[in-house]
Amino acid sequence: YQIETLGAAIALLRLYLWWRVLRDFTLGSLPKRHTVSSFTNVKVGDSFAFKVILNGKGAMTFIAGVWVLAIVVCAYWWRAAENTACLFAFGTDPRCLEPD
């Protein structure tokens, strides 16, 4: 493995940080959310934001986007973890000639 491949695979794990941005954007658009939360004893947090997103107009877009992102990330990890490309017949890189 090359270090940049491993670094990129590890950096992809940080995609969860985008959830905070989406959560804050979703909850920020709700007026008086803290007042309603205290009156009804409903915690306005991650699960509430997820429910708001799935009950909104863009629910299908959100689901499709998460699905495509998951496929791309898993495909990258799969490609990084599988055998080297030097095993293919068209491996012409000089590094393929070096012993492992």
Side-chain angles (χ1 to χ4, degrees):
Y1 295 112
Q2 293 187 0
I3 192 67
E4 61 266 9
T5 303
L6 293 176
I10 292 170
L12 282 174
L13 293 175
R14 295 179 47 91
L15 284 174
Y16 74 93
L17 295 175
W18 282 100
W19 169 248
R20 292 181 184 174
V21 175
L22 183 61
R23 179 197 62 200
D24 291 342
F25 177 75
T26 302
L27 295 178
S29 64
L30 298 175
K32 300 182 183 178
R33 63 187 174 277
H34 299 296
T35 305
V36 172
S37 173
S38 63
F39 285 158
T40 59
N41 275 343
V42 173
K43 290 185 77 175
V44 178
D46 290 331
S47 61
F48 184 77
F50 189 67
K51 290 176 186 178
V52 169
I53 291 170
L54 291 182
N55 284 326
K57 292 180 183 178
M60 289 302 291
T61 305
F62 175 76
I63 292 170
V66 169
W67 183 253
V68 168
L69 183 66
I71 288 174
V72 169
V73 168
C74 289
Y76 181 79
W77 285 340
W78 182 270
R79 176 63 183 103
E82 73 179 358
N83 289 330
T84 178
C86 292
L87 297 177
F88 297 126
F90 51 83
T92 59
D93 192 283
R95 291 178 290 184
C96 292
L97 300 175
E98 298 173 1
D100 287 335

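All residue numbers refer to positions in the sequence shown, counting from 1. In this text, all values refer to a predicted model and were calculated from it rather than measured experimentally.
If you chain together hydrophobic residues whose side chains sit under 4.5 Å apart, V21 and L13 fall into the same group. No continuous path of ILVMFWY side-chain contacts below 4.5 Å connects L15 to L22, so the two sit in separate hydrophobic clusters. In terms of hydrophobic clustering, with Ile, Leu, Val, Met, Phe, Trp and Tyr side chains grouped at heavy-atom distances under 4.5 Å, L12 and V72 are assigned to different clusters.
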Throw together a table of side-chain donor-acceptor distances under 3.5 angstrom for residues 46-57, partners on residues two or more places apart or in other chains.
from : atom 1 : to  : atom 2 : distance (Å)
D46  : OD1    : W19 : NE1    : 3.1
D46  : OD1    : R23 : NH1    : 2.8
N55  : ND2    : K51 : O      : 3.2

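Under the side chain to side chain donor-acceptor pair (under 3.5 Å) criterion, D24 pairs with no residue at all, not counting sequence neighbours.
Alongside I71, the hydrophobic cluster contains W67 (criterion: ILVMFWY side chains under 4.5 Å).
No more than 12 heavy atoms of other residues, nucleotides or ligands sit less than 6.0 Å from atom CZ of F25.
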